[in-house]
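Some notes on the structure that comes next.
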Amino acid sequence: MSEQAFPPRTASYEADPEQVGRVLLLYSGGLDTSVMLRWIGERYGAEVVTLTVNLGQPGEDFEVIEGKARQIGAVDCYLVDAREEFAGEYIARAIKCNALYGGGYPLFTALGRPLIAKLAVDYARRAGCDTIAHGCTGKGNDQVRIEATVATLAPELKVIAPVRTWAMGRDEEVAYAREHGIPVKGGSEHAPYSIDDNLWGRSSEGRWIEDLNQAPQDDVFQLVALARDAPDEPQRIELEFEHGLPVALDGERLGLVALIERVGEIGARHGVGIVDHIEDRIVGLKVRDIYEVPAATIILTAHQELEKLVCTIHQNQFKPGLDRQWAYLVYAGLWWEPLRSDIDAYADAVNVQASGTIGLELYKGTARVITRSSPNAVYDQSLASFAQSGGLFSQTASPGFIELWSLQSRLAWQLRNRG
Ligand code: ARG
């Protein structure tokens, strides 16, 4: 462990090492933040309080994480169950905006970070901390999301991000942990995937994933079944929406957290929601992620279908552009940007009409819409029907419409094609 001087600070919100007295550490229980807990105490001579946030990451034992933090030396530990807030204030907005970044990533990590950072601010203030520490690297998006949030909501708090400066690789971290009696999960023979997960999905990065030529290896999929292992019988489900949000699965009303969990389990069983994604990060680089997003895939597919049904052609042409901008802002760490909430206001307005039921068939990796119904559908079966003629307008009026509708395009075509 080098005891060099601290590197110079470049941003106003970065902590002056002299001023660091009590630190709130965003603690996951993993290797980086466990080493960090002890390292901050040693390097800054500071007290460390930990905050661990439950966003519905499957299979996590939060009691164990808290015990580990105390064992490593945290003076205080907070554990917050933020699943309701995450679903109600973050995922719900993503659903109304059909939020997918780069055409495939439903933003679960990007949605979670501003909430985690907001809670860090709340608990840092409550616990009398002057500084917030996190375990993000200097190459990723998550540092941007967390630090932009802290700097926005709490100009008085400072930030430290030890991974950016401590120059330890995984081997050095494992050595540091062993030396300091910090428990290390798993062997050191194989660097693990870099995982992040919550209620809305799971991502894996690193190892062979970085080699764009490599097809996915089966061991990366810990959530979603491989299509070849999925049941041979398709399963039909019905999702009911009220004002843009899912409220019932197969007729059973459920809160949003429970509904997302339930839909996720069913989707995972049928192999739905595997996305092999090349992504433009905010920080210059491109990255490949393997996503497992069964709940998001099913719910977004159904929501989008319902919107299509209840919106006019003009709304349907307009909204995807706003949706894309919303997803980009959230991906890019600007959750607190007013344009984001402006777009939310539009999405809310549109979604007042988005009530109804969408049926899907899940089968071997696909989720296909098969039925739709809504009292607000801008659809009249008798007008659309092949079997019926007549109705609200006369078909003999159509040629007049076509002549005027195509007028400018025809003139322009003639101009371009003369001679
Ligand atoms: N590429 C995704 C994003 O930027 C997922 C990042 C996952 N984070 C992680 N620390 N492994 O949102």
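Atoms within a ligand are numbered from 1 in the order they appear, just like the ligands themselves. Computed from heavy atoms alone, side chains included, the values below leave out hydrogens, waters and symmetry copies.
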>> Does Arg340 have more than 12 heavy atoms from other residues, nucleotides or ligands lying within 6.0 Å of its CZ?
In response: yes
> Which protein residues have a heavy atom under 4.0 Å from ligand 1?
Replying inline: Tyr105, Thr109, Arg113, Asn141, Asp142, Arg145, Ser194, Asp196, Ser203, Glu205, Glu279, Asp289, Tyr291, Tyr331
> So does Asp219 pair up with Arg207, basic N to acidic O under 4.0 Å?
Replying inline: yes
> What residue pairs, at least two apart or across chains, pass side-chain hydrogen bond (donor to acceptor under 3.5 Å, both in side chains) with a residue in residues 49-62?
Replying inline: none
> Do Trp200 and Phe86 have their ring centres less than 6.0 Å from each other?
Replying inline: no
>> For Arg253, give me all partners under salt bridge (charged side-chain N to carboxylate O under 4.0 Å, His left out), at least two apart in sequence or on another chain.
In response: Glu242
>> Quick test of your reading: applying side-chain hydrogen bond (donor to acceptor under 3.5 Å, both in side chains), list the pairs with at least one residue in residues 26-36, sequence neighbours left out, ordered by first then second residue.
In response: Tyr27-Ser34, Ser28-Thr33
